[in-house]
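A short worksheet on the structure shown next.
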Amino acid sequence: MEEVIVTEGLTKFYGRSRGVLELDLVVRKGEVFGFLGPNGAGKTTTLRLLLDLIRPTSGRAFVLGMETTEKSVEIRARTGYLPGELALYERMTGYEFLLFFARLRGGVEWGYVEELCRRLEADPGQRLSSLSRGNKQKFGIIQALMHRPELLILDEPTSGLDPLMQQEFHRLVAEAREEGRTVFISSHNLPEVERMCDRVAFVREGRLVEVVEVASLKDRFLHRVEVVFSSPTSPGSFERVPGVLRAEQDGDMVRLLVRGSMDPLVKALAGFPVLRLTSHEPSLEEVFMTYYGDQDSRSAPMQPGGDRG
Amino acid sequence: MSFPVFARTIRDRRRFLLWWCLGMALFVVSQVSFYPSMTRSDALRQYMEEAPEWIKMFTGGETDIVSPVGYMNSQFFYLMLPLLLFIVAIGLGSDALAGEEGRGTLDLLLSAPISRTRLVLERWAAMDFLLGTIAGAFLATAMASAAAVNMGISFLKMAEATFAAFLLASLVGTFSMGVGAATGNRGLSIALGAILGLASYLLDSLGLMVPSLAPWRKASVYYYYSANNVLAKGLRVGHVLVLAGGVALLLLCTVDSFRGRDVGVRGFLSLPLLRRRRGAGPAPETSRG
């Protein structure tokens, strides 16, 4: 299979502070690849290295078969990029902004730009300075997609978008994949990456921890489940249900820590008077704590509410 | 072949350009309109002949401010025209790369398929185009108002002096742009550009009056502008070549430093200094785990 992004021992230091360390990564043609890690893990650094905005301290990176420091203009012609800290030309209108980038790219199919504006509900008549963060983000996304690039490099693409627009964005990514294009997405939001991506790389403190198939994630990650019953129910009834790691009682509520499939738990709950059932995705830090830290998964904290920050 | 960055930069600056051209024109017309009353004043001529030496700081060593050449030199060419063009050049030069980097839009711009060399050249060309247009507006109104008051002055030599002022300002602007390209720091590029402009003016002017400084005049770029000589005798090819060569050299350095730089990594250069200062303090560095 054709390799779209290859990094070999890619390392970046800013003075003495770390960006990324010895990163070896392969992204294949036609896949949606998630690049997941907490803030400060080196995600943005990696993406900016791929676009030749910054240069590696050591190691190399290849995009579309070309070395980033040598053929940057050719790479960028075939790539769409959405920066993480998006700053637009505030004095332009959305229309002027898109026209400017279309010209920089030597012309694009304008009908497609209009379609993107329609689908993301972006109003190109407005001056960009007057737009909210989410609406600015839309123009960043349109700009990255407008020339139908072979490779999309998107840094936290859905930040600021409302849920409806996030769904539309997910559809755009799915369409790109159907057309055989490659998408490289950085994120610190695990559920979103699970929805969109084929494979995920976990990075932490500048290092690649693991690359996994998203399909295999499903039965590995933890869920925190809270069940409210109409009468107090002993947690002991659930402790032996397969997948349940821990059960705690709190008045009418039972808090459970579940790994993998929910099915056995749901079947077990069927015999009880359930008033309310909520499930929380684990935060990324918890995922790292439970799977890549030295701690046993049973000692994972059981606090309500997932951190989506 | 299209030049989207050049075109866009000019378009974004159209109001800036309009106001500067209007301001230049108003300034020229108001100053030249005083000329007829100046020539009738013997007292002024006498005053200038007895004037203290430092007055020459503002006239390029001339005491004649009443003849057409002397008047135009003292009112515009020796100091005011270069000074105003410096302001334009430093403003545009520092904004061209460092300003864009500071606003955070450089990441997006450099994700488009445009080489860094090309970006520098298009931005530089836009700066020189705007600078040249403003200098042109000055020259056009200077010629028109000189003709209106029947000032007997060579239009060609005025054009030559304006061109020399444009070259000098372009050099200062290119320097400012280069500092911005190398550091990403707009404040620094404004400051160093202003220092280059003012220091070279001071060195050249003081060199006229302080004999021990005289040999150093040639180290100042202002010396190669020498407006009073140009207005009287015309351009000297050698001086033009020094200025143009300086611009070319600075542009080359700008391209080179911008190509090699990590864009958007600010504070990188200042980090070692910060660390040293922190280390010298009484409190040891604490890690934020």
Side-chain angles (χ1 to χ4, degrees), chain A residues 12-17 19 40 44-45 47-57 69 71-92 96-97 99-108 128-129 136 139-140 143-144 146-147 149 152-155, chain B residues 1-16 95 97 99-120 122-123 126 184 257-276 278-279 285 287-289:
Chain A
K12 178 67 185 176
F13 277 89
Y14 303 105
R16 275 161 65 187
S17 67
T44 297
T45 298
L47 267 52
R48 298 182 83 239
L49 282 165
L50 294 178
L51 282 143
D52 195 39
L53 293 166
I54 52 177
R55 309 280 159 65
T57 308
T69 53
K71 300 267 184 184
S72 176
V73 176
E74 287 90 328
I75 290 171
R76 287 182 270 141
R78 292 161 62 186
T79 304
Y81 171 60
L82 175 70
E85 276 172 40
L86 180 66
L88 303 176
Y89 293 93
E90 299 275 325
R91 282 192 292 183
M92 294 186 191
E96 285 176 309
F97 169 75
L99 196 64
F100 177 49
F101 275 85
R103 285 193 179 131
L104 284 172
R105 297 203 168 275
V108 301
L128 292 172
S129 56
K136 281 180 189 164
F139 284 99
Q143 165 279 137
M146 69 197 306
H147 53 296
L152 282 160
I153 296 179
L154 310 171
D155 197 351
Chain B
M1 189 128 183
S2 69
F3 302 95
V5 173
F6 176 83
R8 188 68 231 182
T9 310
I10 303 296
R11 201 178 141 76
D12 285 340
R13 294 286 182 184
R14 58 197 191 277
R15 281 203 188 85
F16 171 94
D95 193 66
L97 300 166
E100 173 124 26
E101 190 165 340
R103 287 188 294 274
T105 48
L106 196 57
D107 261 37
L108 208 52
L109 185 57
L110 281 178
S111 76
I114 175 167
S115 72
R116 293 195 190 186
T117 305
R118 173 124 182 228
L119 176 62
V120 170
E122 286 196 35
R123 277 276 150 82
S257 61
F258 192 58
R259 278 168 58 94
R261 224 179 106 244
D262 282 350
V263 165
V265 182
R266 305 196 65 198
F268 172 55
L269 288 169
S270 64
L271 260 183
L273 278 172
L274 278 177
R275 204 172 290 133
R276 208 172 301 152
R278 221 184 277 155
E285 235 176 290
S287 71
R288 297 183 204 157

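So that the names make sense, note that chain A is the first sequence line, chain B the second, and so on, each numbered from 1.
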- Task: Drop me the distance from A/F100's CZ to B/L109's CG, to the nearest 0.5 angstrom.
- Result: 5.5 Å
- Query: Can you say whether A/L86 sits under 4.5 Å from chain B via the side chain, the backbone, both, or neither, judging by heavy atoms?
  - Reply: side chain
- Flag if over 12 foreign heavy atoms under 6.0 Å of CZ, B/R15: no
- Query: Out of B/A112, B/G260, B/G104, B/S115, which one racks up the most heavy-atom pairs below 4.5 Å with chain A?
  - Reply: B/A112
- Could you check which of A/M92, A/E90, A/Q143 has the highest count of heavy-atom pairs closer than 4.5 Å to chain B? A/M92
- Which residue out of A/T79, A/L88, A/V73 racks up the most heavy-atom pairs below 4.5 Å with chain B? A/V73
- What residue, out of A/R91, A/R103, A/R48, has the most heavy-atom pairs lying under 4.5 Å from chain B? A/R48
- Task: Before accepting this row, confirm whether a basic side-chain N of the pair B/R103/B/D95 lies closer than 4.0 Å to the acidic partner's carboxylate O.
- Result: yes
- When the 4.5 angstrom heavy-atom criterion is applied to A/E74 and chain B, the contacting part is neither
- Any side-chain donor-acceptor pair under 3.5 Å between A/S72 and A/R76? yes
- Set of residues satisfying side chain to side chain donor-acceptor pair (under 3.5 Å) with respect to B/R8, sequence neighbours excluded: B/D12
- Using 30° and 60° as the class limits, which term best fits the ring planes of A/F139 and A/F97: parallel, tilted or perpendicular? perpendicular
- Does any heavy atom of chain B fall under 4.5 Å from the side chain of A/F101, the backbone, both, or neither of them? side chain
- Message: Go through it in stages, so that I can follow the logic: the residues are A/R55 and A/T69, the test is side-chain hydrogen bond (donor to acceptor under 3.5 Å, both in side chains), and I'd like the CA-CA distance, side-chain angles, deciding distance and then a yes or no.
- Response: CA-CA 7 Å; A/R55 309 280 159 65; A/T69 53; over 6 Å; no
- Contacting region of A/R78 [heavy-atom separation from chain B under 4.5 Å]: neither
- Item | Residue B/R118 versus chain A: region with a heavy atom under 4.5 Å | neither
